[in-house]
Amino acid sequence: MELINALNWRYATKKMNGEQVADDNVQQIVTAAHLAPTSSGLQPFEIIVVSNKELKEKIQPIAYGQSQIIDGSHLLIFASWDKYTDGRIDGIFDHMNTERGLPLNTTDEYKATLKAQLLGMPQEQQAAHTAKQAYIGFGTAIAAAAMLKVDATPMEGFVNNDLDELLGLKAKGLKSQTILALGYRATEGDWLQGMKKVRRPKEKFVTEIK
Ligand SMILES: Cc1cc2nc3c(=O)[nH]c(=O)nc-3n(C[C@H](O)[C@H](O)[C@H](O)COP(=O)(O)O)c2cc1C
């Protein structure tokens, strides 16, 4: 299967060669994340695409100096909603109904149940829920990059609050969760390159109940 081959090819690249990823490929990776499923279709996250050199130089120290921040050509920053609100939920359902040519009240009953569930959670739990949705998009983007033979380093190794401040995310009600650095693997200087891909034994990972 093509996807399995791509997932075996990819690895968390530690050193990129500075080559630019073409815009069309970046857009396809972003589109894959955009098409990812989310709970109730709320898509409670956004992606900030950074290719600006000066900005990447400011992000690097926030990401503990990781080199892929600079030698990758693009950073996809996945930032999730800090909380759910009536307005945010209404906006999603109004858009969905409008796009489907349905009256706006089509989903009122479902929406009321959903709002009671989500808005009834403490804000911390709401933020954890939105973050989980962002990770679905993140994983989908990683797989899409691999299919395109674009190297991609998934990153949680950065100081979220500092990145939020730098990008003005707090004012937008967003919290950074992950960075996906895109580029092409360098031929030298990457300790992980060529190492065997290791995963937990599959029989310990999967339980089959027949
Ligand atoms: C959510 C997440 C955060 C990660 N953060 C970093 C990171 O900050 N820097 C890094 O070099 N690798 C990071 N990794 C890469 C993992 O260490 C790597 O995916 C894992 O060891 C499996 O190896 P592979 O991706 O090469 O198959 C991260 C991976 C994920 C999924």
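What you see is a predicted model; the values in this text were computed from it and never measured. As the structure lists them, so they are numbered: ligands from 1, and atoms in each ligand from 1.
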May I ask you to decide if [Y]'s main-chain N or O and [X]'s side chain share a donor-acceptor pair within less than 3.5 Å?
X	Y	result
Gln133	Phe45	no
Thr107	Tyr110	no
Lys56	Gly72	yes
Thr38	Leu42	yes

Counting non-hydrogen protein atoms only, what is the nearest one to [atom]? Give residue, atom name and distance.
atom	answer
atom 27 (O) of ligand 1	Lys197 NZ, 2.5 Å
atom 13 (C) of ligand 1	Pro154 O, 2.9 Å
atom 1 (C) of ligand 1	Glu156 CD, 3.5 Å
atom 8 (O) of ligand 1	Gly157 N, 2.9 Å
atom 12 (N) of ligand 1	Lys14 NZ, 3.2 Å
atom 23 (O) of ligand 1	Arg199 NH1, 3.8 Å

**Prompt:** Are Lys115 and Asp90 close enough, and set up right, to give a salt bridge (Lys or Arg N to Asp or Glu O under 4.0 Å), and what steps lead you there?
**Reply:** CA-CA 10 Å; Lys115 280 186 180 179; Asp90 286 341; 2.7 Å; yes
**Message:** Please check if the number of heavy atoms outside Lys14 that lie under 6.0 Å from its NZ is greater than 12.
**Reply:** yes
Do any N/O atoms on [X] end up under 3.5 angstrom from N/O atoms on ligand 1?
X	answer
Tyr11	no
Tyr135	no
Thr178	no
Arg10	yes
Ala12	yes

Flag: protein heavy atom within less than 4.0 Å of [atom]:
atom	result
atom 10 (C) of ligand 1	yes
atom 17 (O) of ligand 1	no
atom 21 (O) of ligand 1	no

**Request:** Using a strict 4.0 Å cut-off to heavy atoms of Gln68, name the atoms of ligand 1 that fall inside it.
**Result:** 11 (O)
**Asked** Near Gln66, which atoms of ligand 1 are under 4.0 Å from a heavy atom of that residue?
**Response** 7 (C), 8 (O), 9 (N), 10 (C), 11 (O)
**Request:** Output, in order, the C-alpha distance, side-chain angles, deciding distance and verdict of salt bridge (Lys or Arg N to Asp or Glu O under 4.0 Å) for Asp164 and Lys175.
**Result:** CA-CA 6 Å; Asp164 294 354; Lys175 286 157 97 77; 6.0 Å; no
**Request:** Please confirm whether Leu192 comes under 4.0 Å of ligand 1, counting heavy atoms of the residue only.
**Result:** yes
**Prompt:** Please walk me through it: do Phe158 and Ile69 pass side chain to side chain contact (heavy atoms under 4.5 Å, CB included)?
**Reply:** CA-CA 11 Å; Phe158 62 93; Ile69 296 286; over 6 Å; no
**Message:** We want to know whether Tyr84 and Gln117 form a side-chain donor-acceptor pair, criterion being a heavy-atom distance below 3.5 angstrom.
**Reply:**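 No, because no side-chain N or O of Tyr84 sits under 3.5 Å from a partner of the opposite role on Gln117.
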**Item:** Reference residue Ile77; test side chain to side chain contact (heavy atoms under 4.5 Å, CB included); the match among Leu174, Ile59, Thr178
**Value:**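 Only one of Leu174, Ile59, Thr178 forms a side chain to side chain contact (heavy atoms under 4.5 Å, CB included) with Ile77, namely Ile59.
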**Message:** For a 4.5 angstrom cut-off between non-hydrogen side-chain atoms, does Val30 reach Leu76?
**Reply:**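 Yes, at least one pair of side-chain atoms sits under 4.5 Å.
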